Q: 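Below is the structure I would like to discuss, written out as structure tokens.
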Amino acid sequence: MNWYLLNELTKNLDSPFNNSVYLVIGADGRLSMGPPWDFDLSMGNRKFGHWSLDDPNGWWLNRNTYTEFEPGTSDEWRFMFSPTQLWNEPKGQYFAVLMNDPWFAAKVKARWTQVAASLAGLDQYVAAQAEEVAESAALNFSPVHAGGAGQIVSASFLELDPDVFVFANSDFNIEPGVGWRNEVLLLKNWLAARTTWLNQQLGAN
């Protein structure tokens, strides 16, 4: 339940059994999901067209990705890059099937209800982590002549595709102390909207 909910919450691109997902056999001999990881493409920082990963609403794992486009259309090529959810079997994606099982769906809702209150504090957690790195972040994005690392404060030329990347900053001249905080705010707002939507779907209002 925890693995599913974490990846559903974050809309982790790699979680639908396409990449970076491993199963393990525990000491008790049961097959289990491995540790969650690889969240570089998650929490609203990517779009990838019809997947709408930047939208805090909508299911990510609990959906059938294969049937969204008909073969022979201009979007057929997307199947090659789409999350597989176990080999793109039509109408057979793993978590969509599981969530149609009343027992599993009830377990998911019960677990979400248990953690919903703590997730309401995600914005404070993100803010606290931002303050933890505030001094280093300012130096990271400050110019070299000012004693900083000179890292860019907005998207690079490799990350300007509006159908793929999501950034708060598009202005290369933004102040170093402001730019990274805009990205923090973008993350906070996305997580708040995402938890609100999941509360509505899973009955934890």
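Starting from 1, each residue takes its place in the sequence as its number. Predicted, not measured: the structure shown is a model, and the values here were computed from it.
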Q: Which heavy-atom pair separates K47 from V166 by the least distance, and what is that distance?
A: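 For K47 versus V166, the nearest heavy atoms are CG-CG2, 3.5 Å.
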Q: With sequence neighbours left out, what residues match Y4 under ring-ring contact (aromatic ring centres under 6.0 Å, His included)?
A: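 If we apply the ring-ring contact (aromatic ring centres under 6.0 Å, His included) test to Y4, skipping adjacent residues, the hits are F95.
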Q: For residues N100 and A96, report the shortest heavy-atom separation together with the two atoms involved.
A: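 Minimum heavy-atom contact is ND2-O, 3.1 Å.
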Q: Crowded around Q124 CD? As in, over 12 foreign heavy atoms under 6.0 Å?
A: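 Check passes, neighbour count above 12.
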Q: Can a donor-acceptor pair be found, under 3.5 Å and without considering hydrogens, that links the side chain of W60 to the backbone of L53?
A: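 Flag not set: sc W60 to bb L53 has no pair under 3.5 Å.
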Q: Considering non-hydrogen atoms only, spot the tightest contact between S15 and N12 and give its length.
A: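 Taking every non-hydrogen atom into account, OG-O, 2.7 Å.
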Q: Got a sec, which pairs hit salt bridge (Lys or Arg N to Asp or Glu O under 4.0 Å) with one end in residues 145-156, sequence neighbours left out?
A: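 Output for this query is empty, none listed.
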Q: For the OG1 atom of T195 and the CD atom of Q200, what is their distance to the nearest 0.5 Å?
A: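 If I round to the nearest 0.5 Å, the distance is 10.0 Å.
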Q: Apply side chain to side chain contact (heavy atoms under 4.5 Å, CB included) to V21 and W3, showing your working.
A: CA-CA 11 Å; V21 176; W3 190 97; 3.9 Å; yes
Q: Give me the atom names and distance for the closest heavy-atom approach of M1 to V108.
A: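 Closest approach of M1 to V108: SD-CG2, 3.6 Å.
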Q: Going by heavy atoms in the side chains, are L198 and L119 under 4.5 Å from each other?
A: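 Not touching, per the 4.5 Å side-chain cut-off.
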Q: Run the side chain to side chain contact (heavy atoms under 4.5 Å, CB included) check on L9 and W197 step by step: do they pass?
A: CA-CA 10 Å; L9 168 65; W197 187 84; over 6 Å; no
Q: In Å, rounded to the nearest 0.5 Å, how long is the span from NZ of K11 to CG of N57?
A: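 Reported to 0.5 Å precision, the distance equals 7.0 Å.
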Q: Can you confirm whether M99 sits close enough to R63 that some side-chain heavy atom of one is under 4.5 Å from a side-chain heavy atom of the other?
A: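 No, side chains not in contact.
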Q: Walk me through it: do L13 and R46 pass the test side chain to side chain contact (heavy atoms under 4.5 Å, CB included)?
A: CA-CA 8 Å; L13 176 67; R46 294 294 191 278; 5.6 Å; no
Q: Only pairs under 3.5 Å count here: list side-chain donor-acceptor contacts from residues 181-188, not counting sequence neighbours, and write none if there are none.
A:
| unit_1 | atom_1 | unit_2 | atom_2 | d |
| --- | --- | --- | --- | --- |
| R181 | NH1 | E131 | OE2 | 2.9 |
| R181 | NH2 | E131 | OE2 | 3.4 |
| N182 | ND2 | N169 | OD1 | 2.9 |
| E183 | OE1 | A168 | N | 3.1 |
| E183 | OE2 | A168 | N | 3.0 |
| E183 | OE2 | N169 | N | 3.2 |
| E183 | OE2 | N169 | ND2 | 3.2 |

Q: Does the side chain of Y94 come within less than 4.5 Å of P16's, by heavy atoms?
A: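 Of all side-chain heavy-atom pairs linking Y94 with P16, none is under 4.5 Å.
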Q: Give a yes or no on whether V144 and I174 share a hydrophobic cluster (residues Ile, Leu, Val, Met, Phe, Trp, Tyr; joining criterion: side-chain heavy atoms under 4.5 Å apart).
A: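 In one cluster: no.
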Q: In chain order, what residues pass the side-chain contact (heavy atoms from CB on, under 4.5 Å) check against Y125, with sequence neighbours excluded?
A: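 Partners of Y125 by the side-chain contact (heavy atoms from CB on, under 4.5 Å) criterion, ordered by chain and then number, come out as Q129.
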Q: Not counting sequence neighbours, which residues clear side-chain contact (heavy atoms from CB on, under 4.5 Å) with A149? List them please.
A: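 Only N140, Q151 meet the side-chain contact (heavy atoms from CB on, under 4.5 Å) criterion with A149.
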Q: May I have all residue pairs that pass salt bridge (Lys or Arg N to Asp or Glu O under 4.0 Å) and include part of residues 103-127, sequence neighbours excluded?
A: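 Sorted pair list comes back empty.
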Q: Where the side chain of D101 meets the backbone of V97, is there a donor-acceptor pair that is under 3.5 Å apart?
A: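 Flag not set: sc D101 to bb V97 has no pair under 3.5 Å.
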Q: Going from CG on D55 to CZ on R194, what distance comes out if it is rounded to the nearest 0.5 angstrom?
A: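 Answer for the CG-CZ pair, D55 versus R194, is 8.5 Å.
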Q: Anything under 3.5 Å between a donor and an acceptor, one on a side chain of residues 23-41, the other on a protein residue two or more places apart or in another chain? List them.
A:
| unit_1 | atom_1 | unit_2 | atom_2 | d |
| --- | --- | --- | --- | --- |
| D28 | OD1 | R30 | N | 3.0 |
| D28 | OD2 | R30 | NE | 2.9 |
| D28 | OD2 | R30 | NH2 | 3.3 |
| W37 | NE1 | S20 | O | 3.0 |
| D38 | OD2 | S20 | OG | 2.4 |

